[in-house]
Amino acid sequence: MRLILLGPPGAGKGTQAQRLVQNHGIVQLSTGDMLRAAVAAQTPTGLIAKDIMASGGLVPDEVVVSIIADRIEQGDARNGFILDGFPRTVPQAEALDALLKKKKLKLDAVIELRVNESALLARVEKRVAEMLERGESVRADDTPEVLSKRLSNYRAQTEPLVHHYSDKRKLITIDGMMPIEGVTAEIERVLAAVTKADETTQAAKHKVATKRAAGPSKRAASPSKARKAAKGAKKAAKGTAKKAKSKRVVKKAAKKATKKVAKKAVKKGTKKVSKSSSVTRGASRKKAVKAAGNRTGRAVKAAAGRGRKAAKKVAKRPSKAAKRLTKRR
Ligand code: AMP
């Protein structure tokens, strides 16, 4: 999980960040802590930052951006991190966006702790008193004068990040005036919702990817392909209708031809019977007619065959051909 904690000095970012570390096993990356360490170690960065920090000003963007770029590269940040005190300006936020994009890392949420400014001074005074009680050294910038400068810096430079992240739909605003436990519970509740929504999105993406991998869907066909397919279907339907018409015409022509041939054959057969009464020698006229009938049947069948064949031959222009055929016979 990668988070940003946003809020003015004294809003409780450090306290909530430590709780998130415990609950989620991720690291807290506080630019304030890193800069204080650099100041203590008197590194080149520390030397640049020392006076700026003491006066309540902001350390140059390029200095803090380079610190963060190095820090998120380290192994312990691989599981995720909470950025506390960074970004503090729009250019820092843009540099972070680019950095995460380059590393293909996703920012899960930006949690803004909204607090009543008049309560902040009382909070910081309480914190200083507690630190002194524990015998800890107090921060040079934890005085009422420096705090008011840090607050005005926050309003001018850091508050615009609320819009930056709400435009990116990453912003979650929580009432930082609740007791510490209440704020923690609310952060956990919204993070659970963010995780669930993310899982749903991932599952949907996976489903789409699996479908795509399975092959092209018919619905996904391009409009030109769809038009072509429709044209093909129309053509095929026309062909089928033509064929059906041809078949009907062939049948009709064959029937007509058969009838004509059959009539002719029956006429011929009857003539033969009367002629062959002497040939059949002694056979009755009935038998002769039956024999002639059998011959006629064969003749009818043959004629039908001829009729069908001939009609099929001219099936390309069935109506004219059938007419011609009928005329001929
Ligand atoms: P913090 O502990 O976050 O309140 O930071 C203490 C001081 O460190 C600030 O008042 C700034 O002077 C400096 N600082 C920390 N983070 C940044 C940052 N992201 N950009 C500029 N200056 C910073």
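Note that ligands are numbered from 1 as they come in the structure, with each ligand's atoms numbered from 1 the same way. Here, residue 1 is the first one in the sequence, and each next residue gets the next number.
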Handout entry: Exceeds 12 heavy-atom contacts within 6.0 angstrom, atom NZ of K170
Key = yes
Exercise for the section: Give a yes or no on this: more than 12 heavy atoms of other residues, nucleotides or ligands lie within 6.0 Å of atom CD of Q42. Expected result: no
Handout entry: Result of checking L113, I172, N23 against I187 for side chain to side chain contact (heavy atoms under 4.5 Å, CB included)
Key = L113
Handout entry: T173-E112 side chain donor-acceptor pair, cut-off 3.5 Å
Key = yes
In terms of atom number and element, which parts of ligand 1 are under 4.0 angstrom from non-hydrogen atoms of [X]?
| X | value |
| --- | --- |
| G85 | 16 (N), 17 (C), 18 (C), 19 (N) |
| G57 | 10 (O), 11 (C), 12 (O) |
| Q92 | 18 (C), 19 (N), 20 (N), 21 (C) |
| F86 | 19 (N) |
| T31 | 15 (C), 16 (N), 17 (C), 19 (N) |
| R139 | 1 (P), 2 (O), 4 (O), 6 (C) |

Completion exercise
For D141 and R150 the tightest heavy-atom approach is O-NH1, 2.9 Å
Problem - Nearest atoms (heavy-atom pairs only) where I4 meets P87 - result: CD1-CD, 3.7 Å
Handout entry: Full working for salt bridge (Lys or Arg N to Asp or Glu O under 4.0 Å) between R127 and D142
Key = CA-CA 9 Å; R127 185 169 75 194; D142 262 352; 3.1 Å; yes
Problem - R88 and L6, any side-chain heavy atoms less than 4.5 Å apart - result: no
Practice task
Just let me know how L35 lines up against ligand 1, side chain, backbone, both or neither, with a heavy-atom cut-off below 4.0 Å.
Solution key: side chain
Handout entry: Structural part of R36 in contact with ligand 1, heavy atom criterion under 4.0 angstrom
Key = side chain
Problem - Option set V59, L5, D141, I67, criterion heavy-atom distance to atom 22 (N) of ligand 1, minimum - result: V59
Fill in the blank from the handout: Closest to atom 1 (P) of ligand 1 (heavy atoms only, candidates R88, K149, M53, K13) is R88
Exercise for the section: Say whether G56 and ligand 1 are in contact under the criterion: heavy-atom distance to a ligand atom below 4.0 Å. Expected result: no
